[in-house]
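Order of the sequence lines fixes the chain letters, A, B, ..., with proteins taken first and strands second; residue numbering starts at 1 for each chain. As the structure is a prediction and not an experimental result, all values here were calculated from the model.
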Protein chains: 2
Amino acid sequence: MGKITIVGHKNPDTDSIVSAIAAQEFFKKVLSKESKAYRSGVLNNETKFILKKFNVEIPELIADVSADASVALVDHNEAGQTFDGLNYGNVDYIFDHHKLSMVTEKPIFCRMEPIGSTASLIAKMLFEKNVEISEISAKLLLAGILSDTLNLMSPTTTSEDSELAKKLNDIAKLDIENFVTELFEAKSSLEGISVQDVITLDYKNFEMGKHNVGVGTWETTNPESVNAKKAEIMQALVEKKSADKNSMMFFMVVDIIKGNCQLYIIGEEEQVLAEKVFEGKVENGLMFLSGVVSRKKQIVPQLTEELSK
Amino acid sequence: MGKITIVGHKNPDTDSIVSAIAAQEFFKKVLSKESKAYRSGVLNNETKFILKKFNVEIPELIADVSADASVALVDHNEAGQTFDGLNYGNVDYIFDHHKLSMVTEKPIFCRMEPIGSTASLIAKMLFEKNVEISEISAKLLLAGILSDTLNLMSPTTTSEDSELAKKLNDIAKLDIENFVTELFEAKSSLEGISVQDVITLDYKNFEMGKHNVGVGTWETTNPESVNAKKAEIMQALVEKKSADKNSMMFFMVVDIIKGNCQLYIIGEEEQVLAEKVFEGKVENGLMFLSGVVSRKKQIVPQLTEELSK
């Protein structure tokens, strides 16, 4: 039996990468098991910035896993978000903060909480066991929390996230204010980013009733930089919807400073649904959603409820 | 917002009842929340014996829950095993030791482990938080572990179950050997038990590929007492299969002393499947399975794998 394979979701975000890396410390110190973190796709600019800043090697891209592999999924448990070629029978661990979605073949070790980030959960699990958290894990987990909760401002943030961030920073000793500024800049950077990247770097498929719905997100301090490419983005979304055989396709441009979002509406079906669910108006293909920043809390459950009727 | 509603699966077994009762202590002492344990059906003779012996009131039968209820499911997470009328949107907690199966509408607090009983998990969660476990919770949780693991002899038993049982008995101070004898006698008792009760008291429905398969279990020190009613049981199984519109129906009579099982085979479809999966022979409607005592570990995954091909 080799090392446990730890991996986050496709189109990895920071939380999914840092949680996989830090989970290695949980396996080693708490469960006395060897493990190795992988990534399940191309890193975004924010995650690249973090790993570079903290001198952490980029995890290997996951490829085929052996038939007797033991797999730990972090930050996801939807079938549409797992790496290609995963055999569900190999999943032995899930650490996540999303809704339950996966059906496994056997009882496994599963820990999920309605908390701001998977990094928060991994930190909690380490603190609970009173093991010493390394400085590098503390830095990575803190970055995961700050990224996924938009500096503890997203509606997914709980008081536990804030407490865990504080405890982690007793070890990490970061200048949070400066770090968040750098993090948000890296998040917003379009350097080397094609229009296809913009819509897919933080993209997830969801089963909603009988529909398979794609929802992409772009979090930025500078929504204008993205909206300037609106026509190209619309075209790319239409193509992706058709290529992926999605029933519907949405894209959110989230202003992480002002805390609102513009929802890209590519067709009539999407418009009818969005107008009904969010009670907003579509203008020039965009629906402005005041106070909406979280796909998980403010978009997916609402669409799912309507499409499950 | 009222108390959290804690409830186990339909056709409750001991683990499902004692876990619900003891989880109240977890909610109170760890999460500082008020909660109330319910049962989701008629108690079996073993559970009745335990509650009577420890002077614990039988939980109320669950009825309608309010639209804004907060529900904690213990010892199950399959849709076919939840109480009638449950709105999945109300599920906020799951504590279980079965395979993942439920799809929720939102992120929830979920803890599952591949461990011998849900009682073990609740005990672990209490010990982890260093809260004082009351004598009565310790007794109930210990009974849950011993019942679900067949006195730590079932293949579902882990070293953690044994350790937790030992730690619980530091508080409960039971004479384990005598207690298990009484427990097994109560488990095997047919007093007031109709043939319909025999097949349904520990009965569960499973989604296996595209099939809906029912598997009932009767654990006993005295398999002859049950097998004496074979003809009636076969008839009752055929009727239940038809009434529940199951694609297949199995029934296990488990000899908890000798550690084996007789699988009741009611039709040709079941026979073809069982002979293929368990490589045994059906004689007079029964297939003898040496060393098989666990539905969860030795029957359901094997059938599911074959039916998912």
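Here CE of B:Met102 is found 13.0 Å from NZ of A:Lys99. Values are rounded to the nearest 0.5 Å. Between the CD atom of A:Gln302 and the CD atom of B:Glu105 there is a distance of 11.0 Å, given to the nearest 0.5 Å. In this structure, B:His98 NE2 and A:Lys106 NZ are separated by 16.0 Å, a value rounded to the nearest 0.5 Å.
Residues A:Pro114 and B:Pro107 come closest through the heavy atom pair CB-O, 3.6 Å.
No more than 12 heavy atoms of other residues, nucleotides or ligands lie within 6.0 Å of CG in A:Asp64, so this atom counts as exposed by the packing criterion. The number of heavy atoms from other shown groups lying within 6.0 Å of NZ (A:Lys33) does not exceed 12.
Between chain A and the residues B:Ile108, B:Ile115, B:Thr304, the most heavy-atom pairs under 4.5 angstrom are made by B:Ile108. Interface remark: of the candidates A:Glu113, A:Lys296, A:Glu305, A:Glu113 forms the most heavy-atom pairs closer than 4.5 Å to chain B.
Contact of the A:Met112 side chain with the B:Thr104 side chain is not registered, since no non-hydrogen atoms from C-beta on lie closer than 4.5 Å. The shortest distance between side-chain heavy atoms of A:Leu100 and B:Val103 does not fall below 4.5 Å.
By the 4.0 Å N-to-carboxylate-O rule, A:Glu128 lies close enough to B:Lys129 to be salt-bridged with it.
Only the side chain of A:Ile94 comes within contact range of chain B, with at least one heavy atom under 4.5 Å from a heavy atom of that chain.
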